[in-house]
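Notes follow the structure.
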Amino acid sequence: MSNLPYIVGNWKMNGSRAMLAEARAIDRAAARFPKVQVALAPPATLIIAMREAVQEIGVGGQDCHIEASGAFTGDVSAVMLRDAGADFTIVGHSERRALHGESDALVRAKAEAAQAAGLSVILCVGETEAQRDSGKAEDVVAGQLDGSLPRGDEVAAGLAVAYEPVWAIGTGRVPSVKDVRAMHKAIRTQLITIYGEAGSEVRILYGGSVNAKNAAKLLAIDEVGGALVGGASLVAEGFTAIIGAAGQSEEA
Ligand code: PEP
C-alpha cells in the first residue's frame, strides 16, 4: 500500500446529488496535492455518481455485508460496492458498532469479505470516554484489533486502521498529542505482531473532530498516517485545508 498521507472523508448519512459539487471541488483540490492520497466515502446512493464525477480521489463505502448477495433487506455487499466503482470500504465504525451492535468478529468478517471483493479496507477502532477515564483505552483498542483485523495472506497490503476515540467523534474534542502518539505506537506494535514486517506498512489514521485548525498538529504526530474526517469533509473548503495540511507535512 502507498505510504502517502491518506485523508478520507466519511459523509455518513449525509449527501444528495447536489453535493457532488463539493466532491468535484475536493477532487480538483486533491489534484494540487499529488503527495496526498484523498478519498471520500459517501452514502451508498452516491457511489456510482461520485465515481463518475471525480478523477483524482478514491471513492468508497461506509460499511458492507459479509455475503455477496441474498435476502438481506437494506444491506449492501462488498461485491456490490466494487461493482458500483468503490475502491475501498470503511468497516467497524463506532456508529456501526454502537448503533447496529456489530461485534469484533462481524467486523473481521466484513473486512475479509471486502478484501475478497477487491476493496481496500479502513478498519475503525476506538475507546469510549468511560474506558479512557478508567485507564483501559489501550487494552480496549488492542482487543478490538485482535478480534476484528482480517487474517490471511497479504491482507495487510490492502488495509488501513483508523483510531477514532468514540468521545472525540463529532464533539470538537481531541485527545492530547501524547495520547494519540501512545495509541498509534501501540497499534503499530500490534500490527507488526500480527502481520510481521507487513504490519509496518499499514497506515494508521487518526479520526475524531479533525478540522482545518487542528489537522497539521495531528498529522505531525509519529505514526499518524492520515485522517478519517466526518463533519469537516462535507464542505470542500474545510476538507481542502485538511488535505493541504497533509501536503505540507509531506514537504516538511
Ligand atoms: C467519524 O465519524 O469518522 C469522524 C471522525 O467524525 P468527525 O470528524 O465529525 O468527528
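If you read the sequence from its start, that first residue is 1, and numbering goes on from there. First listed ligand is number 1; within each ligand, the first listed atom is number 1.
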If you count every heavy atom of other residues, nucleotides or ligands that lies below 6.0 Å from R173 atom CZ, does the total exceed 12?
yes
Minimum heavy-atom distance T128-V166, with the two atoms named:
CA-CB, 4.0 Å
Within a radius of less than 6.0 Å around NZ of K217, do more than 12 heavy atoms belonging to other residues, nucleotides or ligands occur?
no
Can you tell me which residue and heavy atom of the protein come closest to atom 1 (C) of ligand 1, and the distance to 0.1 Å?
H93 NE2, 3.2 Å
With only distance considered, is G231 within less than 3.5 Å of ligand 1 through an N or O on each side?
yes
Residues pairing under ring pair (Phe, Tyr, Trp, His ring centres under 6.0 Å) where one sits in residues 69-90, two or more places apart or in two chains, turn out to be H65-F72
Residue K12 vicinity, atoms of ligand 1 by number, heavy atom under 4.0 Å
1 (C), 2 (O), 6 (O)
A168 neighbourhood, listing ligand 1 atoms whose heavy-atom distance to it stays under 4.0 Å:
10 (O)
Atoms in ligand 1 with a heavy atom of G208 nearer than 4.0 Å:
5 (C), 10 (O)
Counting only heavy atoms closer than 4.0 Å, does ligand 1 sit against the backbone of N10, its side chain, both, or neither?
side chain
Evaluate the salt bridge (charged side-chain N to carboxylate O under 4.0 Å, His left out) criterion for residues D179 and R132: first the C-alpha distance (whole Å), next the side-chain angles of each, then the deciding distance (0.1 Å), finally the verdict.
CA-CA 10 Å; D179 286 346; R132 175 153 291 273; 3.4 Å; yes
Is the shortest distance from a heavy atom of G170 to ligand 1 less than 4.0 Å?
yes
Nearest heavy atom to atom 6 (O) of ligand 1: which of S94, A162, C124, G230 does it belong to?
G230
Could you go through residues 140-152 and list every donor-acceptor pair under 3.5 Å that involves a side-chain atom there, pairing it with any protein atom two or more places apart or in another chain?
unit_1: Q144; atom_1: OE1; unit_2: G126; atom_2: N; d: 2.8
unit_1: Q144; atom_1: NE2; unit_2: G126; atom_2: O; d: 3.3
unit_1: S148; atom_1: OG; unit_2: R97; atom_2: NH2; d: 3.4
unit_1: S148; atom_1: OG; unit_2: Q144; atom_2: O; d: 2.4
unit_1: R151; atom_1: NE; unit_2: L149; atom_2: O; d: 3.3
unit_1: R151; atom_1: NH2; unit_2: D146; atom_2: O; d: 2.5

Salt bridge (charged side-chain N to carboxylate O under 4.0 Å, His left out) between K185 and D222, worked out
CA-CA 8 Å; K185 199 163 170 252; D222 292 346; over 6 Å; no
Tell me whether S233 reaches ligand 1 (any heavy atom closer than 4.0 angstrom to a ligand atom).
no
of all protein heavy atoms, closest to atom 5 (C) of ligand 1 is E164 OE2, 3.1 Å
